Each structure stands twice: as C-alpha cells, then as structure tokens.
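One structure is given here, and the rest of the page talks about it.
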There are 2 protein chains.
Amino acid sequence: MKQYPHSTRLLVAIDCIIFGFDGEEIKLLVIKRNFEPERGKWSLMGGFVNTDEDLEVGAERILFELTGLNNVYFEQLQTFGKVNRDPVERTISVVFFALINIHNHDEESVRAHHAHWVSLKNIPNLIFDHQKMVEIAIECLRYKAALHPIGFELLPEKFTIPQLHKLYEAIYDMQLDRRNFSRKILSTGLLVDTGEKNEQSATKKAILYCLNKEKYEDKFHSFWYFMPEPSA
Amino acid sequence: MKQYPHSTRLLVAIDCIIFGFDGEEIKLLVIKRNFEPERGKWSLMGGFVNTDEDLEVGAERILFELTGLNNVYFEQLQTFGKVNRDPVERTISVVFFALINIHNHDEESVRAHHAHWVSLKNIPNLIFDHQKMVEIAIECLRYKAALHPIGFELLPEKFTIPQLHKLYEAIYDMQLDRRNFSRKILSTGLLVDTGEKNEQSATKKAILYCLNKEKYEDKFHSFWYFMPEPSA
DNA sequence: TTTGAATGTGTCATTTGGACACAATATTAT
DNA sequence: ATAATATTGTGTCCAAATGACACATTCAAA
C-alpha cells in the first residue's frame with residue numbers, strides 16, 4: 001500500500017544504550033555480534049523496526065530480548081542517519097537509552113546474546129557510529145540526572161544516601177562532598193526513611209530510603225535553573 | 001543494493017519546527033498545505049529524506065526551501081514513529097527545531113509556501129501528530145534556553161537587555177523581574193556593549209549589546225544545575 | 001519645561017552553596 | 001572488654017547568589 005510513490009523507503013533500526021550501576025561505576029551493556037556484518041565485534045543491542053510496531057514498542061521488545069526486563073525506564077535519545085553509517089545498506093537508527101537496576105536483569109538472556117557489562121571508562125571499540133551514540137547518551141544522562149530524579153532508576157527500590165552519592169559521583173566522574181550532597185538530596189523531600197538499615201555494611205549501617213512517589217511525580221518535570229523558582 | 005533482505009523499509013520524513021520572536025511573542029512558522037493528503041490544512045514544513053542525504057542535510061534543505069536562510073540554528077528534536085501517524089502510509093518523521101531571526105527570512109519563499117507565523121498561544125489545528133511535535137519543541141526550547149544561551153538566535157546580532165528580557169518572558173510565558181534579570185544576564189559576561197544605543201526607542205534609548213563570541217562558545221556546553229560549579 | 005514611560009543601577013534581607021568539624025555507629029583487632 | 005578504624009549522620013561558618021524593591025537617568029511628546 002505505497003501511496004507516496006516517488007519517495008524512497010529506508011531501513012529503520014533501533015539501537016539501545018543500556019546503563020547500569022554496580023555500586024562503583026556506571027556500566028554499559030554491549031553485545032558481541034554473532035551475525036553479519038561485523039560478526040565478533042562489539043556493538044549496541046539493536047534490531048529493525050517491524051512494520052506494525054511503534055518505535056517505543058520496538059525499543060521495549062529489544063530491551064526485553066536482552067535483559068528479560070519489561071518496565072524499565074527508557075527514552076528516545078536521537079536518530080542517526082548519516083548516509084554511510086551502515087556500510088551494507090543505508091539504515092536510519094533510532095537510538096534509545098535505558099536505565100536499569102543492574103542486579104535485576106536476566107543473566108540467561110545476557111549470556112545468550114554474548115553481552116557484557118563494560119565500564120564507561122573502558123569501552124571497547126564499537127561498530128558503525130555506536131561509539132558516538134554512547135557519547136551522546138552519557139551526556140544526556142548527565143543532563144537529565146542533573147535536572148530530574150532519574151538516577152534512582154539505576155538503584156534498587158531501597159537505597160542509602162551513600163549509595164546515591166556514589167552513583168552521582170560515577171555519573172559525573174567527579175568528587176562530590178558527601179555532606180553537602182546529603183543535605184541537598186534530603187532537602188528535595190524525595191526521600192522517605194523506611195526505618196530499615198543497610199545490614200550489609202561492615203561499619204555503621206546506613207539508613208535505607210525509598211522514593212516519595214508523590215513528590216517524585218511532582219518534581220519530575222520541573223527543572224528551573226535559569227528561571228526563578230515559582231514562588232508559590 | 002538491499003542486503004538486509006528480510007527487513008522492511010519505511011518512508012522517512014523530516015519535519016521542521018521553526019521558531020521566531022517578533023519582539024512580543026514567540027511565533028511558529030506553519031504552512032498551509034497545497035498538496036495531498038490534508039490539502040488546505042495547517043502543518044509543519046517537511047519533506048522526505050533523500051536516499052543520498054544525511055538527516056541534517058535534509059533538514060537544512062527544508063529550512064532553506066521555506067525561509068531562504070542557510071546558517072540557522074537547528075537541532076534534532078525527536079523522531080515520531082507511531083504506526084498510524086500518517087494515514088496514507090507508515091512514515092517515520094525525524095523532527096528538527098530551528099530558531100531564526102524572524103526579520104531575516106525570505107518573505108517570497110514564505111508566501112510561495114502559503115506559510116504564516118502564528119502565535120504559540122493561538123496555534124491552529126495541525127495535521128497528523130504535528131501538534132504534539134510542537135508541544136515537545138516548546139518544552140525543549142524552554143529547557144535549552146534555561147541552560148544554554150540559545151535565546152540569542154532569535155534576536156538580531158545587536159540587541160538590548162529589555163529585548164532579551166521580553167524574549168525570556170515570552171519563552172517561559174511568565175513575568176521576570178526586569179532588574180534581577182538584567183543583573184543575571186550581565187553577570188554571565190556574555191554581553192558586550194557595542195557603544196551604540198537603540199535609536200528606535202521613543203523613550204530612553206537602551207544600550208545595544210552583542211555576544212562575546214569566546215565566552216559564548218565556552219559557556220555553551222556547561223549546564224551545571226544539580227552539580228556544583230567547577231571551582232576553578 | 002514639564003510629564004511620563006522606559007532604562008540603568010543600587011540596596012538589603014534571605015537563602016543557598018561550598019568548605020570543613022565532630023559525634024555516632026558498627027566491625028575488627030588487641 | 002576495650003581500642004582502633006571505617007563509615008555514616010548532623011551541624012557550623014562564611015561567601016555568593018537570589019528575590020523584592022527604590023531611585024536616578026534619559027528621551028520624546030505635550
């Protein structure tokens with residue numbers, strides 16, 4: 001049913017950038033391709049868009065295929081469309097990035113796809129323009145995490161302030177004063193003391209917090225940096 | 001030369017959201033379609049991606065076609081790919097948004113395309129999902145303008161602080177204290193006094209400033225809201 | 001010359017942010 | 001037991017930024 005006869009149709013792919021946090025570093029989930037082209041090389045997880053499939057649905061499908069997870073946080077990053085980005089045939093790639101709790105994913109699927117978590121500081125060479133995609137995704141993560149409380153997507157439901165602190169240090173690859181960070185995070189009112197403590201600690205056990213869902217939804221879309229705070 | 005034989009190719013379009021500022025309001029440039037489908041309805045300016053054309057090049061082509069302008073600020077917004085967004089045939093649309101000096105564009109081309117500048121507060125019904133695209137573009141504009149000095153793209157090279165003030169009030173649709181705004185803008189060091197004054201004013205003539213190119217490039221990529229300022 | 005609107009600059013109280021000290025908690029070594 | 005050590009929670013201090021607001025200056029038109 002082609003009704004725009006004079007226009008060319010192009011292959012449309014989806015690539016997924018999947019971030020996790022192991023408690024020390026931000027990690028990226030990449031696969032070792034066992035298919036052509038570029039078999040044996042590292043790449044992002046991806047696939048082609050099905051004819052009857054929304055882009056977001058395609059992204060969910062691909063994320064599920066690799067991680068076995070269904071309700072993960074993801075958003076569209078950008079679309080890459082340089083003419084020669086795929087040497088086989090011109091392909092437009094719509095790129096998504098996802099944040100998952102690294103301990104939740106299905107290790108079986110990951111093994112099946114020859115996937116590995118790699119440190120952002122030590123990313124192997126990736127095929128095509130995947131390197132660039134990751135760069136932009138990191139920048140986007142830094143952006144959003146500075147303005148919206150999305151970092152929590154990388155942590156378990158219950159988490160401690162020191163964990164959160166390490167997470168933000170990892171995202172921005174910089175040292176953040178522990179005490180000022182704590183004050184700032186607590187002042188948002190996003191954190192709720194669960195009454196429990198992190199029993200895993202070898203020293204003083206930190207308080208386990210969870211998110212205040214209401215405030216979370218509220219604050220999610222406010223950013224206000226250059227603009228003044230709405231005074232009511 | 002199709003070498004991914006089992007995948008379906010899709011139509012890929014580009015749509016452009018073009019913002020301008022008339023001194024009072026942010027305006028959007030929309031066209032009245034004189035072609036099918038939806039002839040006679042309002043829509044964003046767009047076109048299909050050519051086979052041998054990068055996405056950005058396509059966007060430039062479309063922007064030039066409508067405005068006659070070549071070096072305008074634009075960036076990729078997002079890609080829209082709902083299965084039924086175009087009733088004729090499934091079409092993926094990569095959306096760009098551009099900021100132009102409203103007084104620079106080629107009125108001839110604009111007339112030829114039956115295009116009009118409409119106020120953001122009074123946008124006519126647009127075809128397909130173009131309404132949604134515009135919503136997201138406005139949000140994106142607010143985002144970026146809060147964090148990066150992109151507002152200047154909407155003004156002439158030489159501008160006054162009151163103009164800038166009105167621009168930001170228009171972008172955020174809110175009142176901003178004139179004096180605090182002035183202080184904040186001046187403290188960035190981005191503005192250079194040209195020594196000239198706005199002769200058009202009927203009352204006190206405001207100082208005309210231009211951008212400090214160096215600081216502009218410097219500051220363009222810093223955003224720092226949640227994160228502390230780098231202390232050097 | 002006066003008037004009125006717009007523009008440039010300044011003041012002040014409050015809040016926020018960065019640097020840093022110290023007390024509390026829990027494990028391990030003595 | 002007790003001390004030593006590492007980690008966590010909370011507080012203080014000062015400088016800088018922010019929001020609310022006053023006042024003086026400039027220009028065209030009355």
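A, B, ... follow the sequence lines: proteins, then strands. Residue 1 opens every chain. Remember, predicted model here, so these are calculated numbers, not experimental data.
- Put simply, CG on B:D177 is 14 Å from P on C:dT7, counting in whole angstrom units.
- The distance from atom CD1 of A:I207 to atom P of D:dT10 is 5 Å, rounded to the nearest whole Å.
- The interatomic distance linking A:K184 (NZ) with C:dA19 (C1') rounds to 15 Å, in whole Å.
- By the 30° and 60° cut-offs, the orientation of the rings of A:Y73 relative to A:F97 is perpendicular.
- Ring geometry for A:F181 versus A:Y168: interplanar angle of 30 to 60°, hence tilted.
- Between the side chain of A:R179 and the base of C:dA21, at least one donor-acceptor pair of N or O atoms lies under 3.5 Å.
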Exercise for the section: For nucleotides 25-30 of chain C, just jot down a letter per nucleotide in 5' to 3' order: B, S or -, based on protein non-hydrogen atoms under 4.0 Å. Expected result: BSS---
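- We find that NE2 of B:H165 is positioned 14 Å from C1' of C:dG8, with the value rounded to whole Å.
- Looking at the side chain of A:N180, the nearest of the listed nucleotides C:dG18, D:dG9, C:dG8 is C:dG18.
- Looking at A:S93 and A:D15, their side chains do bring a donor and an acceptor atom within 3.5 Å of each other.
- Put simply, the side chain of B:H105 never gets that close to the backbone of B:L69: no donor and acceptor are under 3.5 Å apart.
- A perpendicular orientation is assigned to the rings of A:W42 and A:H116, their planes being inclined by more than 60° (bins at 30° and 60°).
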Nucleotide N/O to protein N/O under 3.5 Å, stretch nucleotides 1-3 of chain C:
none

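- In terms of modelled atom types and a separation under 3.5 Å, the side chain of B:T194 and the main chain of B:L208 share a donor-acceptor contact.
- In this structure, A:F181 atom CZ and C:dT16 atom P are separated by 18 Å, rounded to whole Å.
- If you run side-chain contact (heavy atoms from CB on, under 4.5 Å) between B:F96 and each of B:L63, B:L77, B:I14, B:I17, only B:I14 comes through.
- Using cut-offs of 30° and 60° for the angle between ring planes, the A:F152 and A:Y216 rings count as perpendicular.
- A:I185 places its CD1 atom 16 Å from the C1' atom of C:dT16, with the value rounded to the nearest Å.
- Contact check on A:E108 versus A:R111 returns a salt bridge, with a Lys/Arg side-chain nitrogen under 4.0 Å from an Asp/Glu carboxylate oxygen.
- Atom pair B:Q200:CD and D:dC27:C1' shows a separation of 15 Å (rounding to whole Å applied).
- Side-chain atoms of B:R183 and base atoms of D:dG19 include a donor and an acceptor less than 3.5 Å apart.
- Between the CZ atom of A:R178 and the C1' atom of C:dA21 there is a distance of 11 Å, rounded to whole Å.
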